[in-house]
Amino acid sequence: MTAVLWLRRDLRLHDLPALLAAHEGGQVLPVFVVDPALLATAGPVRRAHLVAALEDLRESTDRALVVRTGRPEEEVPRLVRESGAGSVHVSRETTPYGRRRDARVAAALGDVPLVATGTPYAVGPGVVRKADGDPYRVFTPFSRAWRDHGSPPPAPPPARLRWRRGVATEELPGADGPPTHAVGEAAARERWAEFLDTDLARYDTARDRPDLDATSQMSVHLKYGTIHPRTMLADVAAHPAGRTEAARRYVTELCWREFYADVLWHHPASAWSDLNDGLRSMAYEDPAGTPAAHVRAWEEGRTGYPFVDAAMRQLRETGWMHNRARMVVASFLVKDLHVWWPHGARHFLAHLADGDLASNNHGWQWVAGTGTDAAPYFRVFNPVSQGERFDPAGDYVRRHVPELAHVPGAAVHQPWRVPDGLAHGYPERIVDHAAERAEALRRYESARAA
DNA sequence: TCAATGTTGGC
DNA sequence: CCAACATTG
């Protein structure tokens, strides 16, 4: 009997042990349904990573992968008919849209079961709850309960899968260029081993430094499911430095990803609207209105604040941005340019190769002061002092902003104070941070009063 | 109070 | 034809 293996971006073969157990003797038809809307909203770098991930998936299925463009509720039943399959296997969906879509597919399949096993999380969303059964809304108690809950060991890699062949496939979608980070299962394993060898031990001190390349860079691999967080947790626990503060810190960062998935599970509307009502009457600028030039300058890295601009250019050019920089540029859009956070979240999701709805949008809500555990609204990141503190030699700025290559050291964070600092085309500041910080606080006070 | 695309159902 | 609705990250 044939089983359809309906693969999604964030779950790969080694995460479906139930399928393997059920089909030791059968044939497996691996399928990926391309959603045109998904490609349409992706910027060029994000698209390049998606296409490369599909190419890797095709290789890791011995080129048996069948690609179809269309609506899953039509394409999946069609593939079942074409192959005579008796079941369809998927990962358990965790986003609100995904859950609705899977319900439609299950209905369209009729008697053929849609079997959901596996999750791209160590502990599935919706599992960790308070004693009274309610979900957590604060990270720290969630992380304790999550740690105490524990997670199953990683599933063994698949063995003896027999691929079903002869079902027509489309060509993979094309991309404008190669991805900027290697994607695929081999690349994920390679980077993970390198991180454990070189960067885990210094993770707690170096992780906040965008100039040092000391983060794990595992986000894109988690996004595409080419490594499972249970594998990572087991490897950290078994590592010589597994009991250190640095390792604990890394596990906490993995827990943030699980926490935000859990929040989205319980509050689907929080993807694109304020989770907390407190700032409902906040006055924001319309990004399509007069200050549109400001938003475009932010997107293109021309705000005149070097740390912000380096980060925004890193995003567009490489499809990735250091987490410290993500917080600073988000604060700049929301509190210096007074733009509602979903505008920024959308831009991030279009360009980040690792962009994940739950982590990205709740991270934005955290900065904007509307989310779980949110930073209080009056806490405004200073783009200059953040740069001086976390890029102390200015290397990060010069790496991404060539117009400032001639400014040495930390002076690069305030080129307007350097003779000839703006001589090679770097722009003047589009706003005055101190004035806009005060303006943000004024708006916050009147929103609270309302 | 996301933006962009695709679908539907009125005429 | 096009406005309203649905869908995606």
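Every chain is numbered from 1 and lettered A, B, ... according to where its sequence line falls, protein lines coming before strand lines.
- Using modelled atom types, one finds a donor on one side chain and an acceptor on the other under 3.5 Å when comparing A:Thr2 with A:Arg164.
- Within the structure, every pair that satisfies the ring-ring contact (aromatic ring centres under 6.0 Å, His included) test and touches residues 429-450 of chain A, not counting sequence neighbours, is listed here: A:Tyr377-A:Tyr444.
- For A:Glu75, the side-chain hydrogen bond (donor to acceptor under 3.5 Å, both in side chains) partners two or more places apart in sequence, or in a different chain, are A:Arg78.
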Taking only distance into account, with no hydrogens and no angle test, what donor-acceptor pairs under 3.5 Å do side-chain atoms of residues 308-316 of chain A form with protein atoms, sequence neighbours excluded?
unit_1, atom_1, unit_2, atom_2, d
A:Asp309, OD1, A:Arg302, N, 3.3
A:Asp309, OD1, A:Thr303, N, 2.8
A:Asp309, OD1, A:Thr303, OG1, 2.8
A:Asp309, OD2, A:Thr303, N, 3.1
A:Asp309, OD2, A:Gly304, N, 2.9
A:Asp309, OD2, A:Tyr426, OH, 2.5
A:Arg313, NE, A:Gly301, O, 3.0
A:Arg313, NH1, A:Glu403, OE1, 2.8
A:Arg313, NH1, A:Glu403, OE2, 3.4
A:Arg313, NH2, A:Gly301, O, 2.9
A:Arg313, NH2, A:Glu403, OE2, 3.0
A:Gln314, OE1, A:Tyr396, OH, 2.5

Return the polar atom pairs (N/O with N/O) between nucleotides 2-8 of chain C and the protein under 3.5 Å, or none.
unit_1, atom_1, unit_2, atom_2, d
C:dT7, OP1, A:Arg104, NH1, 3.1

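- The environment of A:Arg389 atom CZ is sparse: at most 12 non-hydrogen atoms of other residues, nucleotides or ligands sit within 6.0 angstrom.
- Residues A:Glu74 and A:Ala40 both approach DNA chain B. Their nearest nucleotides, taken by heavy-atom distance, put A:Ala40 toward the 5′ side.
- For the residue pair A:Trp146 and A:Asp262, no side-chain donor N or O sits within less than 3.5 Å of a side-chain acceptor on the partner.
- What separates OH of A:Tyr224 from C1' of C:dG9 is a distance of 11 Å, to the nearest Å.
- In 5' to 3' order, the nucleotides of DNA chain B bounding all contacts with chain A (an atom under 4.0 Å from a heavy atom) are B:dT1 to B:dT5.
- Looking at residues two or more places apart in sequence or on another chain, you find a ring-ring contact (aromatic ring centres under 6.0 Å, His included) between A:His362 and A:Tyr260.
- For the 3.5 Å distance criterion, the side chains of A:His338 and A:Glu439 fail to qualify, holding no donor opposite an acceptor.
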